[in-house]
2 protein chains.
Amino acid sequence: MTTAADRVSRRQVDKFEERRRLLAEGALQTLSERGYARTSLREIAQNTEFSHGTLHYYFRDKVELIMYCVRRYKAVCVQRYDAIVADAETPEGLAADFAEGLATTCRDDALMHRLWYDLRSQSLFEESFRPDVAEIDESLERMIWRIVGRYAELGGREATCSSALAYATFDGLFQQALLRHLAGSGLALDDLRTGARHLLDHVVCA
Amino acid sequence: MTTAADRVSRRQVDKFEERRRLLAEGALQTLSERGYARTSLREIAQNTEFSHGTLHYYFRDKVELIMYCVRRYKAVCVQRYDAIVADAETPEGLAADFAEGLATTCRDDALMHRLWYDLRSQSLFEESFRPDVAEIDESLERMIWRIVGRYAELGGREATCSSALAYATFDGLFQQALLRHLAGSGLALDDLRTGARHLLDHVVCA
DNA sequence: GAGAATTCTTGACAGTCGTCCAGGACTCCT
DNA sequence: AGGAGTCCTGGACGACTGTCAAGAATTCTC
């Protein structure tokens, strides 16, 4: 049986969570534009329809806000590639779609990826960031590993390296592409595409 | 002919440069411990024998100080591997020395490498950092390429990918190793060693 | 519609930041 | 020795930060 108090309580929790989501969305926008170090709570609040005090009503402190944002970022980020894995019918098709997916998100979501690398670097100094950052890193590694595994499977081959090594190299490739793309290099995305296909071929064998 | 004024002037320039070097050394130390965002000029000065005002006597502003530090970092960082290239007589020896060199510097100079990745991320937001960061990145890429080229040469083989791709993958490998090593993983360095040898073999062919 | 609970605003607080500058301390040359 | 130039100190400035709390505004409940 649900009492009236229960219903009130649940509605409040929902509304509370919804506000947090809303605020985090705006915060993520501001963070991706200015970077972690340069973004203040007042600046975040200015890009929402609320005042800076509201942030402390919904989040204990700055770290909790940032971590909430990063967790949300993870949710949208990882599962974008699972459709590629599911739709692939040939290794060539998978490779092409994967390479194109990387290039597309490198272009369209450049600011968000930039923020991710910023926060991952910050986690090297700010210990409170590490658990969440590590968790996101691991889920990205699993995502890459699903791609590699499916690619090997479709071609009747087997992966020749560990999941960690595969992720490290693809991540390095992507980060370098992002760096050059944001610096204005027109070749960055093409190099990313060809590099991804090249790497994909080299982490599996006959 | 050198006038007395010339001699005075040159001595002053030398002393001026020497002070800058000294201050930059301390600054680099503090930066590597605290990270770019958390390091203030006062904190840097406290780790030297001078007051915070002195920093503005030798450097125009914070950016100039940081950039001077980064340039010095480059000098020590890149050329550590050239001895490895020069000493190598067999491909196996080169691979072993290179892998060991990576693991050693990942352990011993972890804080400096952490700072490098921090600053490279900052350059994505702070445009004034980009030229110097790009220059260091390029010199690191050339360093990797010398390793790869020599490895291929010693084995009578040829590189199968671009210099950019080789650097991106090795950099990704190293960064991931640093991340895990600083997080306390005991496997990080071993994975780095085996990963490096694995990659080295996959960027060249018969 | 009154009263209670919530959501939000506003201003203040104590710190810290980069920068600047007046002037003391020092070094060097004649 | 003394004066000129160099080097360095320490305090002050205004701007900005995260945090907090008092109370206004809004929403909800009965």
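In what follows, every chain begins at residue 1, and chains take the letters A, B, ... in the order their sequences are listed. As the structure is a computational prediction, the values presented were derived from the model and not from experiment.
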Leu182(B) versus Arg130(A), closest heavy-atom pair with distance: O-NH1, 3.2 Å
Which angle, to the nearest 10 degrees, lies between the helix axes at the two ends of the helix from dG1(C)-dC30(D) to dT30(C)-dA1(D), each defined by five pairs? 0°
Protein within reach of the bases, or only the backbone? For nucleotides 9-23 of chain C, mark each nucleotide 5' to 3' as B, S or -, using heavy atoms under 4.0 Å. BBBB----BBB----
At under 4.0 Å, does any side-chain N or O of Arg19(B) touch on OP1 or OP2 of dC8(D)? yes
Measure from CZ on Phe59(A) to P on dT19(D) and round the result to the nearest Å. 13 Å
In this structure, how many angstroms lie between the C1' atom of dT19(D) and the CD1 atom of Ile44(A), rounded? 14 Å
Under 3.5 Å, is there a donor-acceptor pair between the Thr105(B) and Asp109(B) side chains? yes
Could you pull out all residues at least two apart from Arg34(A) that satisfy salt bridge (charged side-chain N to carboxylate O under 4.0 Å, His left out)? Glu43(A)
Got a sec, which residues hit salt bridge (charged side-chain N to carboxylate O under 4.0 Å, His left out) with Arg197(B), two or more places apart in sequence or on another chain? none
Carboxylate-amine/guanidinium contact Arg21(A) Glu18(A), below 4.0 Å: no
Whole-Å distance, Arg20(A) CZ to dT7(C) C1', equals 15 Å
For residues 170-181 of chain B, dump all side-chain donor-acceptor pairs below 3.5 Å to protein atoms at least two apart in sequence or in another chain.
| from | atom 1 | to | atom 2 | distance (Å) |
| --- | --- | --- | --- | --- |
| Asp171(B) | OD1 | Tyr117(B) | OH | 2.9 |
| Asp171(B) | OD2 | Arg120(B) | NH1 | 3.2 |
| Asp171(B) | OD2 | Arg120(B) | NH2 | 2.8 |
| Arg180(B) | NH2 | Glu141(A) | OE1 | 3.0 |

In whole angstroms, how far is the C1' atom of dG5(D) from the CZ atom of Phe16(B)? 14 Å
Is it true that Arg72(A) and Glu25(A) have a side-chain N and a carboxylate O under 4.0 angstrom from each other? yes
Using distance only, find each side-chain donor-acceptor pair of residues 51-59 of chain A under 3.5 Å and give its atom names and separation, not counting sequence neighbours.
| from | atom 1 | to | atom 2 | distance (Å) |
| --- | --- | --- | --- | --- |
| Thr54(A) | OG1 | Ser51(A) | O | 3.3 |

Whole angstroms only, please: what is the CD-P distance between Glu18(B) and dC7(D)? 12 Å
